Amino acid sequence: MIDLKYIRANPDVVRNAIVNKNEKADLDLLLVTDEKRRKLQYDFDQLKARQNSVSQIIAQKKRAREDASEELARMAKVAEEIKAIQADLNAVNTEVEARLLTIPNIPHPSVPIGRDESLNEVIRHEGEAPRFDFEPKDHLDIANMNQMLDLSRGAKISGSGFPIYTGFGAKMERALINYMLEYHLQKHGYTELMVPLVVNRKTMTGTGQLPKLEDDMYHISEDDLFLIPTAEVPVTNIYADEVLSYKDLPQKYVAYTPCFRREAGSYGKDTRGLQRLHQFNKVEMVRFVEPENSEAALEEMLHDAEDILKAFGLHYRVVSLCTGDLSFASEKTYDLEVWAAGSGKYLEVSSVSNFGEFQARRANIRYKDADGKMRHPHTLNGSGLATPRLMIALLESYQHADGSLRIPDVLKPWMELKV
RNA sequence: GGAGAGGUGACCGAGCUGGCUUAAGGUGCACGCCUGCUAAGCGUGUGUAGGUCAAAAGCCUACCGAGGGUUCGAAUCCCUCCCUCUCCGCCA
């Protein structure tokens with residue numbers, strides 16, 4: 001969330017951010033409520049101060065065995081007033097907090113302004129698109145010819161969007177995950193975490209998925225728990241309500257998890273094969289850094305994610321999301337879109353974002369800097385990468401005319417591990 | 001799921017027969033002193049949040065897991081909930 005003091009001082013900046021991000025938050029109502037809150041807080045403080053000082057007098061008199069009944073009678077009234085104001089104050093505080101949680105993060109000045117993804121900015125292209133002397137097939141055909149997927153049985157046991165990887169397909173999926181994990185561990189210096197796949201409401205609020213995106217998540221109502229839509233949620237929240245030292249920063253974590261998304265409202269859109277799933281695997285990178293380092297960290301993470309695509313020899317492009325496509329909590333986001341040679345389009349395989357202090361403030365993650373000042377670290381995360389569309393690109397890029405598949409050299413050792 | 005113990009400031013830890021404690025003491029941290037260097041020692045300072053102020057200082061208020069209650073007054077008493085640990089039960 002955004003610092004309320006900042007909002008008071010820069011309402012127009014925040015108002016613009018809300019408009020540019022296509023959000024509906026009511027800023028004026030927040031400001032009015034906040035004003036009310038401060039007024040109540042002032043009255044409350046005044047009364048409390050009086051109560052405290054008279055209480056001291058009562059204590060002294062009692063110790064000296066003097067009569068304090070006059071003070072007691074006066075304070076009985078004050079106590080009642082305080083109780084009444086306290087009730088109002090609690091209600092207003094709750095309201096301010098709730099409204100504050102609906103204010104999105106402010107886009108970085110370098111983010112292009114635009115209402116939807118059509119105004120995203122393609123920054124550069126990397127790698128070569130493969131050429132074929134035959135008509136390339138799409139990934140689902142290749143997968144079927146090589147018996148790598150069983151989508152209909154997945155649909156039978158769970159529903160559409162829950163894939164079964166079979167035999168060789170399962171092995172390749174697992175090899176991808178292991179390869180990417182080890183790559184980030186060994187070449188980029190991340191620390192691996194294995195985290196819960198189910199989190200509570202507070203955790204979902206900390207990273208900004210709640211309250212806005214509740215309908216997009218699987219919810220276990222009996223325990224009020226949510227299946228994670230990304231490892232970003234549990235990993236970023238590991239330091240919630242904690243105070244770190246500047247010496248602890250930066251922190252770099254990588255975690256593999258399945259991800260669960262209801263994809264509410266997107267039925268029928270790009271659903272063929274592995275394009276859009278309710279459950280998928282993803283290796284995720286998360287960083288906690290000092291504020292002055294977050295912009296550099298974003299560029300670094302982008303390259304960390306790109307290294308995987310380069311290692312696989314895939315063609316892709318880097319896109320800077322415009323304000324309208326930026327997520328609620330993000331300050332700036334790069335998407336990596338890999339070229340699907342058979343389908344002839346670019347598919348998002350990674351999203352790398354800088355959240356500034358937005359998430360840290362929500363999750364109450366703080367650190368003491370070298371001057372002993374309490375500050376919020378900046379948080380970042382990036383997919384490195386999500387497997388389904390990576391798999392699509394690999395199947396379509398490395399297919400032979402007869403439908404058989406070439407395994408990229410870097411992946412071979414991971415497919416041939418001996419027991 | 002059942003029984004018991006416990007949750008105090010960055011950390012450890014006293015207080016818990018309600019009012020000279022608006023949290024002792026220690027560690028850590030910062031600065032200074034001392035000593036060839038290091039270690040040790042000595043001194044001073046050091047919480048977070050909100051408010052007031054142009055700003056700082058100062059002052060006021062809140063915060064002892066969370067929320068409610070009793071009381072003029074709650075870290076301290078009562079209730080509800082959450083979490084941790086130990087034991088039992090169930091279980092991969």
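Keep in mind that the numbers below use all heavy atoms, side chains included, and drop hydrogens, waters and symmetry copies. Since we're looking at a predicted model, the values are computed, not measured.
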Original post:
Could you give the CG-to-C1' distance, from Leu40(A) to rA62(B), as a whole number of Å?
Top reply: 15 Å
**OP:** Find the distance Ile57(A):CD1 to rG73(B):P and express it as a whole number of Å.
**Re:** 15 Å
Subject >> Paired nucleotide for rG4(B) [Watson-Crick or G-U wobble; both distances under 3.5 Å] >> reply: rC85(B)
**OP:** Measure the distance from CD on Glu81(A) to C1' on rU61(B) and round it to the nearest whole Å.
**Re:** 17 Å
**OP:** Specify the separation, in whole Å, of atom CG of Leu249(A) and atom P of rA10(B).
**Re:** 16 Å
Subject >> Protein-nucleotide distance (Lys247(A), atom NZ; rA10(B), atom C1'), rounded to Å >> reply: 11 Å
Original post:
Should rA92(B) form a Watson-Crick or G-U wobble pair with both distances under 3.5 Å, which nucleotide is its partner?
Top reply: none
Original post:
Does Gln41(A) put a side-chain nitrogen or oxygen below 4.0 Å from OP1 or OP2 of rG51(B)?
Top reply: no
Subject >> Base rG73(B) to side chain Asn52(A), donor-acceptor N/O within 3.5 Å cut-off >> reply: no
Subject >> Separation of atom CD in Glu35(A) from atom C1' in rG50(B), rounded to whole Å >> reply: 14 Å
Original post:
Roughly, in whole Å, what's the span from CG in Leu244(A) to C1' in rG28(B)?
Top reply: 16 Å
**OP:** Measure the distance from NZ on Lys5(A) to P on rA49(B) and round it to the nearest whole Å.
**Re:** 8 Å
Subject >> Watson-Crick or G-U counterpart of rA14(B), or none if no pair lies under 3.5 Å >> reply: none
**OP:** Sugar-phosphate atoms are those with a prime plus P, OP1 and OP2; base atoms are the rest. Using that split, label each nucleotide of nucleotides 74-83 of chain B B, S or - for protein heavy atoms under 4.0 Å, 5' to 3'.
**Re:** ----------
Subject >> rG58(B) pairs with, by Watson-Crick or G-U criteria that keep both distances under 3.5 Å >> reply: rU52(B)
**OP:** Would you sort out whether Tyr256(A) and Glu192(A) count as a side-chain hydrogen bond (donor to acceptor under 3.5 Å, both in side chains), showing the intermediate values?
**Re:** CA-CA 8 Å; Tyr256(A) 152 69; Glu192(A) 182 177 4; over 6 Å; no
**OP:** May I have the step-by-step check of side-chain hydrogen bond (donor to acceptor under 3.5 Å, both in side chains) for Glu232(A) and Thr207(A), ending in yes or no?
**Re:** CA-CA 8 Å; Glu232(A) 161 198 351; Thr207(A) 27; 5.0 Å; no
Subject >> Pair partner, rU44(B) [Watson-Crick or wobble, under 3.5 Å] >> reply: rA30(B)
Subject >> Nucleotide paired to rA75(B) in any strand shown, Watson-Crick or G-U, under 3.5 Å >> reply: none
Original post:
Would you call the rings of Phe162(A) and Tyr218(A) parallel, tilted or perpendicular, where under 30° means parallel and over 60° means perpendicular?
Top reply: tilted
Subject >> Partner nucleotide of rU38(B) by Watson-Crick or wobble geometry (both distances under 3.5 Å) >> reply: none
Subject >> Counter-base of rA23(B), judged by Watson-Crick or G-U geometry with both distances under 3.5 Å >> reply: none
**OP:** Considering just the side-chain nitrogens and oxygens of Lys202(A), establish if one lies under 4.0 Å of OP1 or OP2 belonging to rA66(B).
**Re:** no
Original post:
If you look at every strand shown and take non-hydrogen atoms under 4.0 Å, does Arg8(A) touch a base, only sugar-phosphate, or nothing?
Top reply: sugar-phosphate
Original post:
Looking at CZ of Arg15(A) and CG of Asn20(A), how far apart are the two atoms once the value is rounded to the nearest 0.5 Å?
Top reply: 13.0 Å
Subject >> Lys345(A) and Asp138(A): CA distance, side-chain angles, deciding distance, salt bridge (charged side-chain N to carboxylate O under 4.0 Å, His left out) verdict >> reply: CA-CA 11 Å; Lys345(A) 58 184 177 187; Asp138(A) 117 311; over 6 Å; no
